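These notes are about the structure you will find just below.
Sequential numbering from 1 along the given sequence is applied to the chain's residues. None of the values given here were measured: they were computed from a predicted structure.
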Amino acid sequence: MRKNLVAILSIALMLLVFASCTNDNASSLPNEEAGAIAAKIDPVQLMNDALSGKIKGATVTVTEPKAATTLIATVEFSNNTYNGMTISSGRLRYTLTGELNGTRFSATSYRVTTEQELSIIDDTSVTVSIEIPETTTASTRSSITATVTTDTEGNAEIEITKVSISLPSSGAEVTVGGNDVTDVIPSDPEPETPSVSYVTVTLTTAEGESTTASVVQGSTYTFTAPASAPEGKVFLSWSNGNTEYSAGDTLKINADMTFTANFINDTTYARFNGTEYETLTAALDAVKAAGTSPATVELLRDVTDGEGYSFADGSFNVTIDLRGNTYSFFEPSVGSSGTETQGFQIKRDNTVTIKNGTLNIAETTGDEGIFKMVIQNYSNLTLDNVVVDGSNLIDEGLMYTLSNNFGDTVLKNNTKIIAVTDADVAFDVWYWPENSYGEGVTVNIKDTSVIIEGLVEYADRSGEYPDFYELTSLTIPSGYESKIQLTDATENGREWIDNGDGTKSFRMPAEEEPITETIV
């Protein structure tokens, strides 16, 4: 660790030792001897020496990352000498409170607790055990800046890069981090008066009525739905130019802004090319009839009685934007003749993206809703920030939430696939060369934010089809192996092989370095 890591140890040690050694009960020695030891510890001298890098050997690691507000760090040190005294060993625990922005953590306060006592040896080899107070809080002028890094296994490290603190004596000059930067702290600093500016947010409804709100410039504003809507209408969004904001969305406001409410008919649930439709399937039929490519269909509201839909061969290059809503399949289910058990059947030569919402099965379905699979895919499918929830599928034997029989499937950006139970299949990679599907099937998990709840099946069919390995693949980010559970049928001698580009594919080890023979 660099010298600036030592600074946080030194500050905490100064506070702890200063607080402890002015307390007659803080030492295991008699009061006279404890006082003699305390006389050798001048907090200001300790501060300057430590920040100049004269105390060595501290390491700082984050033991309990706490999302965006708190980091708990442990500092261990040994055999550090100060003013004729050796700190033979010790460990301090820091609770840093502040804000994590990306990998930058800025702490405005901290407190220190001990995990074991500090053992200090003076120049006469008298051991002093100092009792550390339960908490020691830095003054309100204290600030800590740290960089937080996380490795592929989730272990975090914190590097202290800047420290400032009020010292016990006024006007002390402090060297920060062992460089030439100094900070002179006056005895009675002038209080800082925050400079706050306000801007106005104006919300206009369709009837021309407006409300205004005064917000702090640069603060985050959260949108809410209007208190009422025109008869026969429901609120959809607020808009400012071409951008729409739904209730619950947030926006940083830096200047006066005006937003207008958008309402839709209370029978409307989907939209394509500016036209509203009563069902998502009607909007998809309109895309097919128009032949528009690429096209975007929006789900405008939650649907509890959704119809299944079969995407005809080669008819679609479409994005279905669920806009944060949930589409629950009710009836009818769709599929090939005799197997009408699916929510979406996506036939070959289509390109379909589904994003920003949830697909699931209604808790109670209609008589024509026999759902054993949420999506059956024979095409190029991308699932982007979408939950495909198979919890309510009919549970008859081994069930599949997403089945991939042909084409390329991509899962990314917080997508989650949920199987009926932990023993069922979340998704499969099923090579099925019959009926002109011999070009193969691939599934690619693009990033580690993807969550798979259930099993993954990639059955080995190389014995039946010699081109199995050439025409199929299951690819994941490196380090994702622990997040995916393969079925027994998937294993069969294969393993995760590094592709050299940050990804791994599940295949036979022999494929990694194919053997070639040259005849001269």
| task | Give the intermediate values and the outcome of side chain to side chain contact (heavy atoms under 4.5 Å, CB included) for residues L383 and K412. | result | CA-CA 6 Å; L383 298 178; K412 65 179 185 177; over 6 Å; no
| said: Is there a side chain to side chain contact (heavy atoms under 4.5 Å, CB included) between Q485 and L455? Walk through the geometry before answering. | reply: CA-CA 5 Å; Q485 184 177 357; L455 303 177; 3.5 Å; yes
| task | Using the side chain to side chain contact (heavy atoms under 4.5 Å, CB included) rule, take I417 and E453 through it: C-alpha gap first, then chi angles, then the decisive distance, then the call. | result | CA-CA 6 Å; I417 312 296; E453 294 186 1; over 6 Å; no
| task | Show the numbers, then the answer: is there a ring pair (Phe, Tyr, Trp, His ring centres under 6.0 Å) between F427 and Y400? | result | CA-CA 6 Å; F427 74 82; Y400 297 73; over 10 Å; no
| side chain to side chain donor-acceptor pair (under 3.5 Å) between S336 and Q345, intermediate numbers included | CA-CA 9 Å; S336 301; Q345 181 194 37; 3.3 Å; yes
| task | Any chance you could lay out the side chain to side chain donor-acceptor pair (under 3.5 Å) test for Q217 and N254, step after step, and finish with the verdict? | result | CA-CA 5 Å; Q217 185 176 18; N254 291 308; 5.6 Å; no
| field | side chain to side chain contact (heavy atoms under 4.5 Å, CB included) assessment of V297 paired with L284 | value | CA-CA 7 Å; V297 170; L284 290 170; 4.1 Å; yes
| request: Report the C-alpha distance between T475 and S505 in whole Å, list the side-chain angles of each, state the deciding distance to 0.1 Å, and finish with yes or no for side chain to side chain donor-acceptor pair (under 3.5 Å). | output: CA-CA 4 Å; T475 303; S505 294; 3.1 Å; yes
| message | Test side chain to side chain donor-acceptor pair (under 3.5 Å) on T279 and T281; report intermediate values, then the result. | response | CA-CA 5 Å; T279 64; T281 56; 3.2 Å; yes
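One side chain, D389 or S391, offers a donor N or O that lies under 3.5 Å from an acceptor on the other. Under 3.5 Å, the side chains of T351 and N317 contain no donor-acceptor pair of N or O atoms. Looking only at atom types and distance, the side chain of T421 has a donor-acceptor partner in the side chain of D424 under 3.5 Å away. There is no side-chain donor-acceptor pair under 3.5 Å between N273 and T275. Neither side chain, D285 nor Y277, offers a donor N or O lying under 3.5 Å from an acceptor on the other.
For the pair S237/Y245, no side-chain contact is recorded, criterion being any heavy-atom separation below 4.5 Å from C-beta on.
Distance check: W496 CH2 to S478 OG gives 10.5 Å after rounding to the nearest 0.5 Å. Interatomic distance, CD of E457 versus CG of N404, reported as 11.0 Å (0.5 Å rounding). Put simply, CG on L299 and CZ on R271 are 11.0 Å apart, with the number rounded to the nearest 0.5 Å. Rounded to the nearest 0.5 angstrom, T319 OG1 and N356 CG are separated by 10.0 Å. Atom CG of D428 sits about 11.5 Å away from atom OH of Y458, to the nearest 0.5 Å. In this structure, L471 CG and S462 OG are separated by 12.5 Å, a value rounded to the nearest 0.5 Å.
Here the options are Y309, F311, Y378, the test is ring pair (Phe, Tyr, Trp, His ring centres under 6.0 Å), and the partner is F344; only F311 passes. Across N499, D460, T472, a single residue satisfies side-chain hydrogen bond (donor to acceptor under 3.5 Å, both in side chains) together with R507, and that is N499. Of the candidates D302, D305, N360, S328 forms a side-chain contact (heavy atoms from CB on, under 4.5 Å) with just one, namely N360.
A salt bridge links E298 and R323; the closest N-O separation between the charged side-chain nitrogens and carboxylate oxygens is under 4.0 Å. Classification of E439 and R348 as a salt-bridged pair holds, one side-chain N sitting under 4.0 Å from a carboxylate O.
Within a 6.0 Å radius of CG in D488, other residues, nucleotides and ligands contribute 12 heavy atoms or fewer.
Taking the six-membered ring where the residue is Trp, Y221 and F223 present perpendicular rings, their angle passing 60° and hence far from 30°.
Between the side chain of R461 and the backbone N or O of F468 there is no donor-acceptor pair closer than 3.5 Å.
Minimum heavy-atom separation, S449 to N414: OG-N, 2.7 Å. Across all their heavy atoms, T292 and A295 have their closest contact at O-CB, 3.8 Å. The two residues A419 and T401 come nearest to each other via the heavy atoms CA-OG1, 3.3 Å. The heavy-atom pair separating V441 from V429 by the smallest distance is CG1-CG1, 3.9 Å. Counting all heavy atoms, side chain and backbone alike, L381 lies closest to N377 at CB-ND2, 3.6 Å.
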